[in-house]
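Take a look at the structure set out below.
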2 protein chains.
Amino acid sequence: MNNQEKEHLIKDLEGKYHTYAEYLKVLAHPIRLAIIDALKEGTCCVSDVTELLQVSQPNISQHLAILRLHGIVEYEEDGKKRCYSLCNPSSSLAILATLGKHLS
Amino acid sequence: MNNQEKEHLIKDLEGKYHTYAEYLKVLAHPIRLAIIDALKEGTCCVSDVTELLQVSQPNISQHLAILRLHGIVEYEEDGKKRCYSLCNPSSSLAILATLGKHLS
DNA sequence: TTCTAACATTCGAATATTCTTATATGAAAA
DNA sequence: TTTTCATATAAGAATATTCGAATGTTAGAA
């Protein structure tokens with residue numbers, strides 16, 4: 001590894017890998033992964049997800065907020081309901097697919 | 001989504017997604033990602049990594065221990081040195097590649 | 001054997017994450 | 001307008017993560 005590649009690594013540590021790590025941290029929770037899975041074929045409102053995963057409503061809302069603040073999910077209002085969906089399905093699902101391929 | 005698929009999601013929450021999340025949590029740190037990058041073309045000893053990433057030796061050792069305990073890296077002894085390498089390069093690098101493809 | 005280089009481990013403080021409980025908000029039904 | 005349903009937010013305790021500082025370990029050089 002030459003000097004230029006070394007410089008590169010240090011910059012990536014502060015830049016690219018910092019960004020990647022932030023994103024991975026958002027995904028690194030079983031409930032959030034399950035939410036992404038639940039949304040892979042369309043839209044779900046909060047009560048749907050709550051019933052599906054058998055987790056308390058405030059907890060689901062908190063996880064949805066984390067995903068939303070990181071641009072992973074978004075919602076549309078439908079009366080009293082909020083219909084959540086994946087912002088960029090191919091991105092989040094690509095990670096899930098890669099994990100599926102490489103982990104037992 | 002039918003009832004069988006719903007049951008499936010709950011089981012995955014305790015099983016598959018728990019495993020995935022554990023793995024992602026290990027990767028979700030900029031220094032650990034940079035270590036994986038540094039090892040992608042071969043072997044590095046601790047002092048190599050320390051100098052490369054400009055991080056303290058104990059801290060590098062701590063991160064290497066986390067990666068090692070999760071089966072992501074391993075080492076061979078060479079005198080006083082420990083030569084670290086990726087246990088399963090294709091797996092860890094696949095995640096990095098997917099992130100590279102989908103994140104800006 | 002003593003010293004030193006290379007690395008690991010321990011401890012503790014600072015910080016971050018997670019979940020539960022309680023409460024707030026806002027849309028629509030009554 | 002009052003109530004209710006769907007969801008969000010806040011507060012706080014429990015737990016986990018992270019890093020620096022100090023110390024331990026071990027292989028080989030001197």
Side-chain angles (χ1 to χ4, degrees), chain A residues 10 13-14 17-36 38-39 42-85, chain B residues 10 13-14 17-36 38-39 42-87:
Chain A
I10 294 179
L13 187 53
E14 303 280 315
Y17 291 131
H18 192 276
T19 305
Y20 288 8
E22 281 303 303
Y23 185 74
L24 290 175
K25 235 186 337 183
V26 175
L27 296 187
H29 192 289
I31 293 179
R32 295 197 286 269
L33 290 176
I35 289 174
I36 291 170
L39 297 179
T43 279
C44 272
C45 70
V46 178
S47 52
D48 289 345
V49 180
T50 297
E51 199 238 335
L52 232 93
L53 303 184
Q54 304 281 354
V55 172
S56 77
Q57 176 269 315
N59 198 4
I60 291 291
S61 274
Q62 286 161 351
H63 285 297
L64 282 169
I66 291 170
L67 291 169
R68 183 165 41 80
L69 292 172
H70 287 87
I72 294 173
V73 306
E74 62 191 346
Y75 64 84
E76 277 187 2
E77 310 221 334
D78 171 24
K80 285 182 281 191
K81 296 190 175 185
R82 293 193 174 179
C83 304
Y84 279 84
S85 56
Chain B
I10 294 179
L13 187 54
E14 302 279 317
Y17 291 131
H18 192 276
T19 304
Y20 288 8
E22 280 302 304
Y23 184 75
L24 290 175
K25 233 184 342 183
V26 176
L27 295 188
H29 191 289
I31 293 178
R32 294 197 285 271
L33 291 175
I35 289 174
I36 291 170
L39 297 179
T43 279
C44 272
C45 70
V46 179
S47 52
D48 288 345
V49 180
T50 297
E51 199 238 336
L52 232 95
L53 303 184
Q54 304 280 357
V55 173
S56 78
Q57 177 269 312
N59 198 5
I60 292 290
S61 274
Q62 287 163 349
H63 285 296
L64 283 168
I66 291 171
L67 291 169
R68 183 165 40 81
L69 292 172
H70 286 86
I72 295 173
V73 305
E74 62 192 343
Y75 65 82
E76 278 187 1
E77 310 220 334
D78 171 25
K80 285 182 283 190
K81 295 190 176 184
R82 293 194 173 179
C83 303
Y84 278 85
S85 56
L86 297 174
C87 287

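We name chains A, B, ... by the order of the sequence lines, and we start the count at 1 in each one.
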### Query
Does a nitrogen or oxygen in the side chain of His63(A) sit under 4.0 Å from OP1 or OP2 of dC19(C)?
yes
#### Entry: Distance, rounded to the nearest Å, where Asp78(B) contributes CG and dA5(C) contributes P
17 Å
### Query
Which whole-number value in Å describes the distance from Gln54(A) CD to dC19(C) P?
15 Å
### Task
With the side chain of Pro58(B) defined as its heavy atoms from C-beta on, choose the nearest nucleotide among dA22(C), dT18(D), dA8(C).
dA8(C)
### Message
If you only use heavy atoms from C-beta on, which nucleotide in dA6(C), dT7(D), dT18(C) is closest to the side chain of Arg32(A)?
### Response
dT18(C)
### Query
Taking side chain as C-beta onward, heavy atoms only, is Leu69(A) less than 4.5 Å from Val26(A)?
no
### Short side-chain N/O contact from Ser56(A) to OP1 or OP2 of dC19(C), under 4.0 Å
no
### Between C1' of dA28(C) and NZ of Lys81(A), the distance in whole Å
13 Å
### Query
For Leu64(B) and dT9(C), what is the distance between atoms CG and P respectively, to the nearest whole Å?
11 Å
#### Entry: Of the listed nucleotides dT7(D), dC19(C), dT10(C), the one nearest the side chain of Gln62(B)
dT10(C)
### Heavy-atom side-chain contact between Asn59(A) and Gln62(A) under 4.5 Å
yes
#### Entry: Nearest listed nucleotide, side chain of Lys80(B), among dG26(C), dA5(C), dC19(C)
dA5(C)
### Atom pair distance, as rounded to whole Å: CG in Leu67(A) and P in dT17(C)
14 Å
### Message
When you compare the side chain of Tyr84(A) with that of Val49(A), does any pair of heavy atoms fall below 4.5 Å?
### Response
no
### Message
Need one value for Tyr75(A): base, sugar-phosphate or nothing, where a base atom within 4.0 Å counts as base even if backbone is also close, heavy atoms only.
### Response
nothing
### Message
Rounded to whole Å, please give me the gap between CZ in Arg68(B) and P in dA8(C).
### Response
7 Å
#### Entry: Chi angles and distances behind the side-chain hydrogen bond (donor to acceptor under 3.5 Å, both in side chains) call for Gln57(A), Ser61(A)
CA-CA 6 Å; Gln57(A) 176 269 315; Ser61(A) 274; 3.1 Å; yes
### Message
Heavy atoms from C-beta onward define the side chain here; which of dA8(C), dA8(D), dT9(C) lies closest to that of Arg82(A)?
### Response
dA8(D)
### Query
Which of these nucleotides, dA8(C), dA8(D), dC19(D), is closest to any side-chain atom of Tyr84(B)?
dA8(C)
### Message
Taking the six-membered ring for Trp, are Tyr23(A) and Tyr20(A) closer than 6.0 Å centroid to centroid?
### Response
no
### Message
Do Ile31(B) and Ile60(B) have side chains that approach each other closer than 4.5 Å (heavy atoms only, starting at C-beta)?
### Response
yes
### Message
Does Gln57(A) contact dA8(D) through a side-chain donor or acceptor facing the base, at a distance under 3.5 Å?
### Response
yes
### Message
Any base atoms under 4.0 Å from Glu77(B), or only sugar-phosphate, or nothing? Heavy atoms, all strands.
### Response
nothing
### Query
Would you say His29(A) reaches dC19(C)'s phosphate, i.e. side-chain N/O to OP1/OP2 under 4.0 Å?
yes
### Query
Starting at CD of Glu22(A) and ending at C1' of dT17(D), how long is that distance when rounded to a whole Å?
13 Å
### Message
Strictly below 4.0 Å: does Asn59(B) bring a side-chain N or O up to OP1 or OP2 of dG20(D)?
### Response
yes
### Query
What is the distance from NE2 of His70(B) to C1' of dA16(D), rounded to the nearest Å?
12 Å
### Task
Would you indicate what Ser61(A) reaches in the nucleic acid, counting non-hydrogen atoms under 4.0 angstrom: base, sugar-phosphate, or nothing?
base
#### Entry: Toward the 5' end of DNA chain C, by each residue's nearest nucleotide, Ile60(B) or Ile31(A)
Ile60(B)
